[in-house]
Amino acid sequence: MASSPLLLCVLFCSYCLVALGGREHGFVVVPTSSSSASQSQPSACSSVSHVTSDNPNRASVPLAHRHGPCAPASVASGGEPSLAERLRRDLARRRHIIRKASGRTVTLSDAAGVSIPTSLGAAVDSLEYVVTLGLGTPAVQQTVLIDTGSDLSWVQCKPCDSSACYPQKDPLFDPSASSTYAPVTCGADACKALANGYDAGCTNSTGTPLCQYGIEYGNRDTTVGVYSTETLTLRPGVAVRNFSFGCGLRQRGTFDKYDGLLGLGGAPESLVSQTAGTYGGAFSYCLPPWNSTTGFLALGAPSNNTAGFLFTPLHSSPEGPTFYVVTLAGISVGGKRLDIPPAVFSPGMIIDSGTVITGLPDTAYAALRTAFRSAMSAYPLLPPSEYLDTCYNFTGFSNKTVPTVSLTFDGGVTIDLDNPSGILLEGCLAFVGGSSDDAGIIGNVNQRTFEVLYDSGQGHVGFRPGAC
Ligand SMILES: *[C@@H]1O[C@H](CO)[C@@H](O)[C@H](O)[C@H]1NC(C)=O
Ligand SMILES: *[C@@H]1O[C@H](CO)[C@@H](O)[C@H](O)[C@H]1NC(C)=O
Ligand SMILES: *[C@@H]1O[C@H](CO)[C@@H](O)[C@H](O)[C@H]1NC(C)=O
Ligand SMILES: *[C@@H]1O[C@H](CO)[C@@H](O)[C@H](O)[C@H]1NC(C)=O
Ligand SMILES: *[C@@H]1O[C@H](CO)[C@@H](O)[C@H](O)[C@H]1NC(C)=O
Ligand SMILES: *[C@@H]1O[C@H](CO)[C@@H](O)[C@H](O)[C@H]1NC(C)=O
């Protein structure tokens with residue numbers, strides 16, 4: 001089923017007429033010139049997101065791109081890394097997730113050639129979407145990166161000096177100023193449960209033996225601190241009590257300005273699993289098309305109004321519950337289904353908020369690239385870069401005609417990726433090829449403007465187009 005032209009019209013009224021005219025043939029004409037681009041990508045932040053709210057027990061918070069006018073002032077400034085740098089980090093994350101999901105031992109070699117086993121979280125320096133939550137009593141605002149590729153949440157905590165914590169714009173979270181903060185003790189079951197993977201043990205650094213957690217991410221960033229419980233406030237009046245998280249006392253790596261990380265994976269340590277009693281193990285988000293609009297992160301599923309969602313079965317990764325896996329059945333370009341044997345997709349696709357570019361099995365990517373290039377033959381192709389091989393030079397074109405790219409999932413539902421924000425990243429087709437034996441990854445460019453509902457309770461993932 002296609003997303004309705006009317007919906008596109010409402011969202012992108014600046015080129016409504018063009019879009020309506022173009023879609024019949026599976027193509028959308030979009031402006032490329034700087035004047036019209038500034039219409040579709042305003043420099044001020046605007047909010048156009050709508051979480052469906054038939055369930056009074058759903059809680060949503062605004063979500064923004066880390067760089068751009070919608071980011072909280074605490075993390076906005078400081079400059080966006082170059083596209084090449086973002087893609088380099090993205091590749092590292094993708095490789096780590098695929099290896100971990102396929103059960104291969106993940107090791108990284110440090111400069112001295114020593115292998116470091118990394119059992120946890122994918123690289124975090126590619127994460128791009130942030131939410132602001134309240135932590136403690138009284139609640140203080142903390143802006144954290146969202147990550148469906150890891151589970152344990154953490155923020156930097158006092159006492160922590162500049163050699164142990166990286167500079168962040170908000171004041172460090174101060175456990176001693178909160179009446180609801182409690183460290184987890186070494187002997188607690190919650191601490192024993194962490195032993196499996198989080199390097200948990202006892203720390204006596206405060207004089208009392210407390211539960212220590214440690215996480216090493218795929219890019220070798222680390223956080224170590226005290227496993228703790230605290231009240232997490234989503235919005236006034238909606239709080240998660242006794243939320244287990246890491247109070248980070250030593251961080252090392254390329255962290256940058258934000259206050260911590262919110263783990264949304266499927267394992268027991270994640271916010272989603274911890275709140276399953278209240279929210280049914282369901283959450284959703286909408287990633288906005290540009291950095292100048294906001295989306296949302298919501299806990300819980302719509303109770304009975306799932307109209308507008310297209311569902312496909314959710315599987316968990318055979319190697320662990322962190323990752324969310326769906327199965328692709330086909331890909332279409334410009335309304336024409338590509339000739340890809342369904343067996344190509346059998347390793348499954350991990351759907352991830354933090355990976356940027358979608359990685360497809362090679363056979364599928366080759367078919368997509370051929371069809372896409374053929375539909376885009378009016379535009380000069382740039383020489384392939386190290387990371388992406390289908391980039392265009394749109395200089396001198398006042399508009400571009402981009403074919404609709406659609407993904408068909410197990411169960412037969414088809415989603416049309418938002419055109420162009422869900423297909424092109426800075427003029428490049430936001431897909432790459434990868435090994436045919438491993439799971440692929442559906443990256444966050446493809447997910448833009450959809451409400452993506454991860455519902456472990458119901459065993460499905462839903463996509464609702466035009467949600468932000
Ligand atoms: C469920 O749907 C029915 C009919 O569509 C509606 O009347 C009812 O209010 C909905 N329930 C909730 C909790 O919104
Ligand atoms: C926001 O996005 C636009 C368009 O992609 C980009 O040119 C701009 O640099 C971004 N803003 C920041 C602060 O990164
Ligand atoms: C911390 O203190 C506990 C209890 O006094 C002791 O058993 C443990 O060995 C100490 N751990 C370290 C790392 O010093
Ligand atoms: C908080 O959660 C931990 C497990 O995560 C549990 O052991 C403890 O009893 C809970 N405390 C309260 C006050 O609910
Ligand atoms: C893009 O095209 C313009 C106009 O044809 C040309 O001047 C420019 O050098 C090209 N840019 C690249 C990166 O090839
Ligand atoms: C798109 O641009 C071309 C020239 O680059 C022009 O001929 C055409 O009319 C434009 N189409 C629309 C729908 O604006």
Side-chain angles (χ1 to χ4, degrees), residues 2-43 46 48 65 67-68 79-91 126 128 289-293 332-336 356-358 365-366 368-406 416-433 443 445 448-449 465-466:
S3 62
S4 90
L6 192 62
L7 208 46
L8 279 173
C9 172
V10 171
L11 283 172
F12 304 116
C13 43
S14 58
Y15 47 85
C16 162
L17 294 173
V18 177
L20 282 172
R23 285 186 59 83
E24 282 164 35
H25 306 290
F27 289 81
V28 173
V29 181
V30 293
T32 50
S33 74
S34 51
S35 59
S36 33
S38 65
Q39 274 181 351
S40 53
Q41 301 182 34
S43 54
S46 63
V48 293
H65 196 281
H67 302 286
E80 187 174 15
S82 67
L83 179 63
E85 176 59 17
R86 285 168 67 198
L87 294 173
R88 189 194 62 75
R89 295 172 180 186
D90 187 51
L91 178 63
S126 64
E128 296 187 321
W290 327 114
N291 58 22
S292 51
T293 56
S332 305
V333 173
K336 290 203 186 68
V356 179
I357 303 293
T358 292
Y365 178 63
L368 169 63
R369 179 177 57 190
T370 302
F372 191 81
R373 286 186 177 181
S374 150
M376 295 284 286
S377 58
Y379 310 103
L381 198 58
L382 289 165
S385 77
E386 194 179 341
Y387 303 105
L388 297 174
D389 66 7
T390 301
C391 299
Y392 294 91
N393 183 351
F394 293 114
T395 309
F397 294 90
S398 62
N399 60 56
K400 52 183 186 269
T401 303
V402 180
T404 301
V405 175
S406 317
D416 289 355
L417 303 181
D418 188 55
N419 192 344
S421 83
I423 301 170
L424 293 172
L425 179 70
E426 305 205 12
C428 299
L429 179 64
F431 290 83
V432 292
V445 171
R448 287 173 178 175
T449 75

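We count ligands from 1, going down the list as the structure has it; atoms in each ligand are counted the same way. Please read these numbers as outputs of a predicted model, since none were measured by experiment. Side-chain atoms are counted along with the backbone in the values below, which use heavy atoms only and exclude waters and symmetry mates.
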Under-4.0 Å heavy-atom contact between protein and atom 9 (O) of ligand 5: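 No.
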Heavy-atom protein contact below 4.0 Å for atom 5 (O) of ligand 5: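 No, there is none.
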For [X] and [Y], indicate whether the former's side chain and the latter's backbone hold a donor-acceptor pair under 3.5 Å.
X	Y	answer
Asp418	Pro289	no
Asn419	Val402	yes
Tyr392	Leu429	no

Atom 11 (N) of ligand 5 - nearest protein heavy atom and its distance: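 Ranking protein heavy atoms by distance from atom 11 (N) of ligand 5, first comes Asn393 ND2, 2.9 Å.
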From Asn399, Thr401, Val30 - option closest to atom 12 (C) of ligand 6 by heavy atom: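 Minimum heavy-atom distance to atom 12 (C) of ligand 6 goes to Asn399.
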Those atoms of ligand 6 less than 4.0 Å from some heavy atom in Ser398: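 Listed by number with element: 2 (O), 5 (O).
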For Leu382, atoms of ligand 5 separated by under 4.0 Å from a heavy atom: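 Every atom of ligand 5 under 4.0 Å from some heavy atom of Leu382: 12 (C), 13 (C), 14 (O).
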Name of the residue among Thr404, Val30, Val405 meeting side chain to side chain contact (heavy atoms under 4.5 Å, CB included) with Pro420: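 Considering Thr404, Val30, Val405, a side chain to side chain contact (heavy atoms under 4.5 Å, CB included) with Pro420 is found only for Val30.
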The single option from Leu425, Val445, Thr358 passing side chain to side chain contact (heavy atoms under 4.5 Å, CB included) against Phe431: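 For Phe431, the side chain to side chain contact (heavy atoms under 4.5 Å, CB included) test succeeds with only one of Leu425, Val445, Thr358, which is Thr358.
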